[in-house]
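Some notes on the structure that comes next.
All values derive from a computational prediction rather than experimental measurement. For the numbers below, each heavy atom of this structure counts, side chains included, while hydrogens, waters and symmetry mates do not.
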Amino acid sequence: MEIFGANLTDLVARRAIYSPNRTAFVDFRKDKRCEYSFKDFDLRASKLASSLFDAGVSPGDRVAILADNGIEQLECCFASWKVGAIHVPLNWRSSVNELQYFLQITTPKTIVVQERFKDLLDKAAGPVRGSHKMQVITIGESGGCEYYSIITGSRERASFSPPADTHPRDTAVILFTGGTTGRPKAVCISHENIAWNTLNTAIHDIKEDDRFLNVLPLFHTGGLLVYTVPLFILGGTTVLLRNFDAGVTLKKLEEEKITVFLSVPTIYRLLSECADWEAAELDNLRFCTSGGAALPLDLIRRYEQEKGICFKQGFGMTEFGPGVFALSPQDAQRKAGSIGRPNFFVQSRIDNEGQEHRENQEGELFLKGPSCCSGYFTPGGQKLEAVDEDGWFHTGDIARHDKEGFYYIVGRKKDMFISGGENVYPYEIEEVALSYEGVRYCAVVGLPDNQWGEAGHLALVPEEHTENFDIDGMLNYLRQRLARYKIPKQVYILPELPMTAAGKVLKEELRLQLEMMRANADYQDH
């Protein structure tokens with residue numbers, strides 16, 4: 001069939017042939033429910049692809065989008081692939097300087113922008129426009145705009161044959177890392193990487209008749225590549241919520257008969273604290289997946305006891321997978337705190353200066369496999385390698401595994417600090433502190449200390465309506481469970497922690513915040 005040619009990028013056209021009338025996406029736009037079959041979606045993506053092609057977008061060019069979690073994000077993604085271009089979803093929560101940095105690295109040929117983010121784009125794109133031309137396509141809030149004129153235009157543009165010279169190893173998506181410890185990196189993810197991740201995901205998680213509710217940002221790997229794209233390839237349905245609201249999410253989980261849900265611990269806690277939690281009927285859920293941070297055991301138990309919901313813990317990253325490890329629901333409590341075992345087509349090892357560790361020895365987690373990214377994109381278009389000479393990706397995570405092959409993350413290599421000559425990993429302390437009654441969120445950072453070189457400082461957000469949080473009681477709780485040198489020197493009660501859109505704590509921002517608090521106030525050392 002001509003539509004396939006020698007090209008492997010036109011996934012939407014292939015799926016439209018196999019299941020044209022099945023529902024691909026449900027998009028809620030201003031309380032209006034919009035449903036798109038695979039055939040409908042292919043038609044819309046083809047029209048956008050034709051427009052991009054006519055505007056001069058060629059294989060390897062970047063097509064960026066600055067928009068919320070609507071159908072337009074996915075139309076832009078699949079349309080870019082149809083012309084062999086690279087999809088670049090941009091974080092609309094970015095500051096002007098951050099967005100300018102993203103644009104300077106990727107130098108997009110075309111930018112699709114939602115009207116309400118147009119001012120942000122104009123401020124950020126000034127210096128970039130001086131170096132090269134960029135086509136801008138605007139998505140109007142009311143629907144009457146250039147973007148919708150393209151999508152709903154003549155059917156003559158509905159058939160688009162993709163270029164034949166796109167290779168499976170060519171970059172499909174550029175995603176930016178979370179930037180929790182430094183400036184975000186532009187990660188190159190190939191069509192081949194996506195295919196292998198889909199195979200891993202199909203083996204371990206999803207089925208063709210699953211219905212997935214997506215509340216995570218589509219500019220992050222969690223929103224785009226964990227389940228959304230793999231489920232599309234399998235022929236399942238993704239329901240999109242443009243903004244997270246706990247009450248609305250519980251309602252849609254029930255009304256849309258959702259079978260699979262993915263989120264971060266922060267959102268799972270907000271759902272369980274929502275006024276609609278008790279009345280919510282969530283019987284269709286096969287499982288929930290949690291990632292981004294450790295899921296507290298009290299939440300696992302609450303979901304199981306009150307709603308009969310099993311959790312699958314997971315582990316992944318922008319550069320690899322993102323499906324890397326999976327912990328099955330039946331092991332969720334027995335192996336609480338574990339990220340599970342490596343996915344089928346993923347190799348892993350615990351490394352310490354070139355030596356592979358055996359069970360229960362801590363070292364850096366190395367990964368190898370075909371779902372690893374192809375490198376990091378640079379402003380000149382060159383790629384920086386992401387793996388070592390033996391093909392191993394160095395995650396920067398310190399981990400161990402037990403005799404059954406279950407892996408546990410101990411901490412981040414970059415987060416580690418040395419106190420009195422001992423290596424301290426904040427993750428271990430945070431995991432114990434989260435299990436103390438009344439702690440909603442917490443994070444530990446190392447700060448300079450005259451006596452110990454560095455000392456741990458714990459910031460925590462108490463549960464709502466908690467008065468006079470018992471800091472001494474919590475410290476005693478930690479002393480019973482951790483070595484003395486791991487006990488935080490100071491504890492700070494905060495109304496919130498600085499976090500990314502994916503629910504990860506911004507450690508550098510927190511460190512600066514605590515240093516200022518320490519300088520301006522007299523905290524008692526413990």
Side-chain angles (χ1 to χ4, degrees), residues 178-182 264-270 273 292-299 337 397-398 409-419 422-526:
T180 55
T181 57
V264 295
T266 304
I267 286 180
Y268 283 118
R269 190 169 291 282
L270 290 172
E273 293 171 350
L295 186 68
L297 188 56
D298 71 298
L299 271 180
D397 288 295
I398 305 301
I409 298 296
V410 177
R412 284 289 294 168
K413 195 174 182 180
K414 290 181 179 179
D415 287 345
M416 185 200 80
F417 59 90
I418 300 174
S419 185
E422 298 281 0
N423 291 351
V424 181
Y425 295 104
Y427 187 93
E428 181 184 9
I429 305 168
E430 293 160 0
E431 195 171 25
V432 177
L434 274 172
S435 66
Y436 184 73
E437 186 177 356
V439 177
R440 193 178 191 195
Y441 310 119
C442 72
V444 173
V445 296
L447 298 181
D449 186 85
N450 291 333
Q451 183 178 3
W452 304 108
E454 288 180 291
H457 291 249
L458 171 64
L460 67 86
V461 178
E463 294 282 9
E464 290 183 352
H465 313 302
T466 300
E467 296 182 6
N468 302 318
F469 184 86
D470 186 2
I471 293 177
D472 289 329
M474 189 198 66
L475 287 168
N476 286 331
Y477 180 82
L478 295 179
R479 291 186 186 106
Q480 294 170 19
R481 292 160 175 81
L482 296 170
R484 183 177 178 182
Y485 66 87
K486 298 177 183 178
I487 306 303
K489 186 173 184 179
Q490 292 182 356
V491 178
Y492 307 75
I493 307 295
L494 302 179
E496 60 183 2
L497 299 178
M499 290 187 177
T500 69
K504 294 182 180 180
V505 177
L506 292 162
K507 290 289 182 83
E508 287 301 321
E509 285 190 24
L510 179 62
R511 186 175 285 108
L512 291 172
Q513 185 178 344
L514 297 191
E515 284 178 341
M516 290 180 62
M517 292 178 68
R518 187 171 64 164
N520 296 331
D522 224 356
Y523 279 89
Q524 178 185 356
D525 291 349
H526 295 277

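To the nearest 0.5 Å, atom CD of residue E467 and atom NE2 of residue H465 are 10.0 Å apart. Atom CD1 of I487 sits about 7.0 Å away from atom CG of L475, to the nearest 0.5 Å. Rounding to the nearest 0.5 angstrom, the gap separating the CZ atom in R412 from the NZ atom in K507 is 10.0 Å. Atom CZ of R479 is separated from atom CE of M474 by 9.5 Å, given to the nearest 0.5 angstrom. Considering CG of L494 and CG of L514, their distance stands at 6.5 Å, rounded to 0.5 Å. Rounding to the nearest 0.5 Å gives a distance of 10.0 Å between CG of L510 and CD of E515.
Taking both residues in full, the closest heavy atoms of P462 and F469 are given as CB-CD1, 4.2 Å, listed atom of the first, atom of the second, then distance. What you find for N423 and M416 is that their closest heavy atoms are CG-SD, 3.6 Å. Heavy atoms only, all atoms of each residue included: I409 and Y427 are closest at O-CE2, 3.0 Å. Nearest approach of A459 to L497, heavy atoms of both residues: CB-CD2, 4.0 Å. Nearest heavy-atom pair, R518 versus P448, reported as atom, atom and distance to 0.1 Å: NH1-O, 3.1 Å.
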Solution key, residues 436-447 side-chain donor-acceptor pairs under 3.5 Å, sequence neighbours excluded:
from: R440; atom 1: NH2; to: E273; atom 2: OE1; distance (Å): 2.6

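We find that E422 and R484 are not joined by a salt bridge, their nearest charged nitrogen and carboxylate oxygen being 4.0 Å or further apart. Look at D415 and R511 and you find no salt bridge, because none of the NZ, NE, NH1 or NH2 atoms lies under 4.0 Å from a carboxylate O. At a threshold of 4.0 Å, the pair K413-D397 does not count as salt-bridged, since none of the basic side-chain nitrogens sits closer than that to a carboxylate oxygen.
No donor-acceptor pair closer than 3.5 Å links the side chain of E454 to the backbone N or O of S419.
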### Task
Could you please spell out the steps behind the salt bridge (charged side-chain N to carboxylate O under 4.0 Å, His left out) verdict for R269 and E464?
CA-CA 11 Å; R269 190 169 291 282; E464 290 183 352; over 6 Å; no

### Task
Would you check, one step at a time, whether the test side-chain contact (heavy atoms from CB on, under 4.5 Å) holds for I493 with I471?
CA-CA 9 Å; I493 307 295; I471 293 177; 4.1 Å; yes

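A side chain to side chain donor-acceptor pair (under 3.5 Å) with D449 is found for exactly one of Q490, K489, H457, namely K489.
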